[in-house]
Amino acid sequence: MAETDCLGSRDLVMMARAMKLAARGQYTCMPNPAVGCVIARNDLVVGEGWHQRSGEAHAEVNALQDAGELARGATVYVTLEPCSHFGRTPPCADALIEAGVARVVYGMPDPNPKVAGGGLEKLRQAGIAVEGPVLEVEAQQLNCGFIKRQQQGLPWVTVKLAMSLDGRTAMGSGESQWITGSAARQDVQRLRAKSCAIVTGIGTVLHDDPSLTVRADELELDNIAARQPLRVVVDSQLKMPIDAKILSAEGQTLVVSACGDSLPMLIADVEVICLAGGDGQVDLPALLKVLAEKECNRVLVEAGAELAGAFLQAGLVDEFVIYMAPKLLGSSARPLLTLPLDSMGQQVALDITDMRQVGDDIRITARPAG
């Protein structure tokens, strides 16, 4: 009998509740995965918790503390396989065994090679019934960045774009504030808060002088700390102005050049590295490997048409989030992406995974087909 054959509607409801708990940690727990846990006795929830911050207790431990002695003989619903190794905290599998739980239902196996089924096997050897995966697709979507970094050594790359109804991102002069409304801009703050790094180009820095920070007061989310993602500027020829806002904003900034003789900037929390590609530009695949080594799970690209197009041409985009405003900017305005395509055979197909209204604008989430 397959593990999932014993699962019932109660198990689905409880796991869905655990997924919602896990989502609470997605703004604060990186580089760890977002995990939620529910402990139940039949239809009664006796404990629940989620992983809130890296280095602090995992979801299972928080739920066990919430349940106390009621955890003994209960069923545990956890969105990710309990860990079986010592990291910054002890193994969660051991905590579940010690608590005397009777059954564990998991959302998905842990892609971390240090776990990779070891947690489930340890539970089975202790006589605990193990069933799953359940709601695996939802669990994978919640931690797509962590999964990709563990399996491929690369972060999940989301390219954020804002455009008019006729596919334009700015006027010919470069004027672009604001194409979208306040609700869409607030939604972008959530994208930033879920990201480990935000990548932009030197053109955006020179023209717009952005800070690219997470503005916690605009998130309207509970228990969100003012954690700032790493800001990354692709600056091939090191044209970065020393007084750029991005260098002095709260958090750390990484400037990536293609100059072999580049020197570190003498500014606190600013690092300069050289990653030269064969075309005299920054080697974008190498940059993503560096970001993965810095334990970045999700990377948000907020850049102009040229850099955004370069990520797509290099096959590095996992997902687009496009905000479309009900406006027309005209034929002389700037295009969404710089893509040198000459024929219909070169077209880039996308699979739309979500479409919804955000204020007066439409948010489209799409992934490269295939």
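For reference, positions follow the sequence shown, starting with 1.
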Minimum heavy-atom distance between V232 and L287, given as atom pair plus value: CG1-CD1, 4.1 Å
Note: L21 and G36 closest approach over all heavy atoms is CB-CA, 4.2 Å
CD (E121) with more than 12 external heavy atoms under 6.0 Å: yes
Qualifying side chain to side chain donor-acceptor pair (under 3.5 Å) pairs with a residue from residues 313-323, counting only residues at least two apart or across chains: K148-D318, T158-E319, D187-Y323
Around atom CD of E98, are there more than 12 heavy atoms of other residues, nucleotides or ligands at under 6.0 Å? no
Does any pair with a residue in residues 274-283 pass side chain to side chain donor-acceptor pair (under 3.5 Å), and if so which ones, sequence neighbours excluded? S236-Q281
Polar side-chain atom of E48 near backbone of A18 as donor-acceptor pair, under 3.5 Å: no
With heavy-atom distances below 4.5 Å as the criterion, would you say the side chains of M355 and I362 are in contact? yes
Does L44 belong to the same Ile/Leu/Val/Met/Phe/Trp/Tyr cluster as V101, with side-chain heavy atoms less than 4.5 Å apart forming each link? yes
Backbone of R72 reached by a side-chain donor or acceptor of R41 within 3.5 Å: yes
Looking at every heavy atom in both C274 and A258, which two are closest together, and how far apart are they? SG-C, 3.8 Å
Donor-acceptor check, side chain of D166 to backbone of L328, threshold 3.5 angstrom: yes or no? no
So do M14 and V45 actually touch side chain to side chain, heavy atoms under 4.5 Å? yes
Quick check on side-chain contact (heavy atoms from CB on, under 4.5 Å): which of V256, I202, V255 does L238 satisfy it with? V255
Can you list the residues that meet the salt bridge (Lys or Arg N to Asp or Glu O under 4.0 Å) rule with K294, with sequence neighbours excluded? E271
Which of R17, E131, R103 passes side-chain contact (heavy atoms from CB on, under 4.5 Å) with Y77? It is R103
Could you tell me whether the side chain of P111 reaches within less than 4.5 Å of the side chain of L80, counting heavy atoms only? yes
Any heavy-atom pair between the side chains of T200 and R231 that's under 4.5 Å? no
Closer than 3.5 angstrom, by distance alone: can the side chain of N143 be matched with the main-chain N or O of I147 as a donor-acceptor pair? no
Same cluster for V13 and V76 if Ile/Leu/Val/Met/Phe/Trp/Tyr side chains link at under 4.5 Å? no
Could you tell me whether the side chain of S195 and the main chain of L191 form a donor-acceptor pair under 3.5 Å? yes
For L336 and T169, which heavy atoms make the closest approach, and how far apart are they? CA-CG2, 3.5 Å
Path from L154 to L312 over hydrophobic side-chain contacts below 4.5 Å: yes
Just by modelled atom types, is the W50 backbone N or O under 3.5 Å from a matching donor or acceptor in the R24 side chain? no
Taking the side chain as every heavy atom from C-beta outward, state whether L307 and L284 have any pair of such atoms under 4.5 Å apart. yes
Quick one: does T28's side chain have a donor or acceptor within less than 3.5 Å of a partner on R53's backbone? no
List for me each residue that meets salt bridge (Lys or Arg N to Asp or Glu O under 4.0 Å) alongside K160, sequence neighbours excluded, and say none if there are none. E302
Grouping I, L, V, M, F, W and Y whenever their side-chain heavy atoms are under 4.5 Å apart, do L291 and F146 come out in a common cluster? no
Below 4.5 Å, heavy atoms only, C-beta onward: do L275 and V290 meet side chain to side chain? yes
Closest approach of K245 and S211, non-hydrogen atoms and distance? CB-OG, 3.8 Å
If you look only at pairs with a residue in residues 348-362, which of them pass as a salt bridge (charged side-chain N to carboxylate O under 4.0 Å, His left out), with sequence neighbours excluded? D354-R356, D354-R363
Any pair counted as side chain to side chain donor-acceptor pair (under 3.5 Å), so long as it reaches residues 336-350, sequence neighbours left out: none
For Q189 and R215, indicate whether the former's side chain and the latter's backbone hold a donor-acceptor pair under 3.5 Å. yes
Say whether, by atom type as modelled, one donor and one acceptor occur between the side chain of D110 and the main chain of N112 under 3.5 angstrom. yes
Do V61 and Y106 land in one hydrophobic cluster if side-chain heavy atoms of ILVMFWY residues count as linked below 4.5 Å? no
Say whether, by atom type as modelled, one donor and one acceptor occur between the side chain of E60 and the main chain of C92 under 3.5 angstrom. no
